[in-house]
Amino acid sequence: ALAGTMIGGEYSFGTIRLLFTRGPTRVQFLLAKVLAIAVCACIGFLAIALVGVLMGYALYPISGLTPDFQFFTATWFGHALLSLLLCIAGWFTYAMLALFFGTLGRSTVAGVVIGIIWLFTELILTPLMGYIAEAIGGFLGKFLGAIPDYFISNNIKALLQNLNSSASLSTTHALLVLAGYLVVCIGLSCWLT
């Protein structure tokens with residue numbers, strides 16, 4: 001929502017046209033937006049994680065257990081940090097999708113609404129494609145069943161699962177798919193700008 005608003009709102013108010021007359025090139029302006037969105041994704045997700053941890057410790061007395069910090073090791077810290085980075089990467093990928101649609105539609109509505117619709121469409125189509133693939137079978141069934149392997153949410157889940165065990169998607173596949181989304185969304189946004 002923030003990424004779609006950042007781009008679409010400025011097109012609506014004419015801020016972008018004014019900035020283009022003052023010096024920065026269009027691509028510089030867009031890449032500055034990408035960097036600002038990356039910073040916002042980091043700060044936003046870390047704030048949500050911190051609030052979640054603090055709420056957990058505040059509600060600990062209700063469970064009747066006492067907090068134990070035996071789990072806090074270097075390995076645990078590495079896994080927690082990597083998990084946070086992967087979640088931030090997921091947010092950033094969806095934000096770049098909103099940036100692309102905000103640039104394409106030149107409006108806040110396009111950036112925000114299409115980004116949210118994309119997220120919910122992935123969540124709906126993942127099990128639906130599995131059911132359809134089982135019902136159809138054969139080559140078409142395998143093809144339809146493989147489509148969810150290229151959704152952002154499934155690749156983020158696979159990366160998180162691969163930290164502790166193995167997921168159905170490899171880490172290389174998931175990283176390549178996410179990199180593909182980023183290259184396409186940022187590249188097309190630069191081209192459109």
Side-chain angles (χ1 to χ4, degrees), residues 1-4 6-7 27-28 30-50 52-53 71 73-104 111-112 114-133 139 141-193:
L2 180 64
M6 284 174 69
I7 291 295
V27 174
Q28 286 174 333
L30 186 71
L31 293 178
K33 285 290 183 185
V34 169
L35 182 62
I37 291 169
V39 169
C40 288
C42 290
I43 291 171
F45 196 84
L46 292 176
I48 287 174
L50 181 63
V53 168
F71 67 91
T73 63
T75 304
W76 177 88
F77 183 74
H79 278 276
L81 186 62
L82 196 53
S83 295
L84 285 172
L85 289 174
L86 291 174
C87 291
I88 290 169
W91 270 28
F92 182 70
T93 306
Y94 278 112
M96 291 302 99
L97 198 67
L99 173 112
F100 167 68
F101 285 114
T103 304
L104 180 66
V112 174
I114 296 175
I116 292 172
I117 288 172
W118 189 287
L119 170 68
F120 286 112
T121 301
E122 283 186 0
L123 296 175
I124 293 168
L125 285 181
T126 296
L128 185 64
M129 289 294 201
Y131 299 140
I132 292 171
F139 175 75
K142 287 182 181 180
F143 175 76
L144 293 175
I147 290 175
D149 292 347
Y150 296 93
F151 290 161
I152 297 169
S153 58
N154 292 340
N155 284 285
I156 293 295
K157 285 179 199 172
L159 288 172
L160 289 170
Q161 288 172 353
N162 285 338
L163 284 177
N164 298 320
S165 62
S166 63
S168 61
L169 299 174
S170 71
T171 300
T172 306
H173 170 82
L175 289 173
L176 286 174
V177 168
L178 293 176
Y181 271 101
L182 292 174
V183 166
V184 168
C185 289
I186 295 172
L188 287 176
S189 294
C190 286
W191 180 71
L192 288 171
T193 299

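Values below: all heavy atoms of this structure, side chains included; hydrogens, waters and symmetry mates excluded. Numbers for residues simply follow the sequence, beginning at 1.
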To the nearest 0.5 Å, how far apart are [atom1] in [X] and [atom2] in [Y]?
{"X": "L84", "Y": "L50", "atom1": "CG", "atom2": "CG", "value": "10.5 Å"}
{"X": "I116", "Y": "T121", "atom1": "CD1", "atom2": "OG1", "value": "11.5 Å"}
{"X": "L99", "Y": "I37", "atom1": "CG", "atom2": "CD1", "value": "5.0 Å"}
{"X": "I186", "Y": "L97", "atom1": "CD1", "atom2": "CG", "value": "11.0 Å"}
{"X": "L176", "Y": "T171", "atom1": "CG", "atom2": "OG1", "value": "10.5 Å"}

Walk me through whether C185 and T93 qualify under side-chain contact (heavy atoms from CB on, under 4.5 Å). CA-CA 9 Å; C185 289; T93 306; over 6 Å; no
Worked verdict on V177 versus D149 for side-chain contact (heavy atoms from CB on, under 4.5 Å): CA-CA 9 Å; V177 168; D149 292 347; over 6 Å; no
If every non-hydrogen atom of [X] is compared with every non-hydrogen atom of [Y], which pair is closest and at what distance?
{"X": "I156", "Y": "G90", "value": "CD1-CA, 3.5 Å"}
{"X": "H79", "Y": "L163", "value": "CE1-O, 3.2 Å"}
{"X": "A158", "Y": "L169", "value": "CB-CB, 3.7 Å"}
{"X": "A133", "Y": "G141", "value": "CB-O, 3.0 Å"}
{"X": "S189", "Y": "F100", "value": "OG-CA, 3.2 Å"}
{"X": "M129", "Y": "L144", "value": "CB-O, 3.6 Å"}

Which is it for E122 and N154 under the side-chain contact (heavy atoms from CB on, under 4.5 Å) test, yes or no, and what are the steps along the way? CA-CA 8 Å; E122 283 186 0; N154 292 340; over 6 Å; no
Just wondering, do [Y] and [X] contact through their side chains at under 4.5 Å, heavy atoms?
{"X": "P148", "Y": "L125", "result": "no"}
{"X": "F101", "Y": "I117", "result": "no"}
{"X": "S153", "Y": "Y94", "result": "yes"}

Any pair with a residue in residues 148-170 that passes ring pair (Phe, Tyr, Trp, His ring centres under 6.0 Å), sequence neighbours left out, goes on the list, sorted by first then second residue, please.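 Qualifying pairs, neighbours excluded: Y150-H173.
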Keeping N155 on the side-chain end and L178 on the backbone end, is there a donor-acceptor pair under 3.5 Å?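 No: the side chain of N155 does not pair with the backbone of L178.
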Parallel, tilted or perpendicular: which one describes the rings of W118 and Y181, with boundaries at 30° and 60°?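 Aromatic pair W118/Y181 classed perpendicular.
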Given side-chain contact (heavy atoms from CB on, under 4.5 Å), test C190 with L31 step by step and report yes or no. CA-CA 8 Å; C190 286; L31 293 178; 4.3 Å; yes
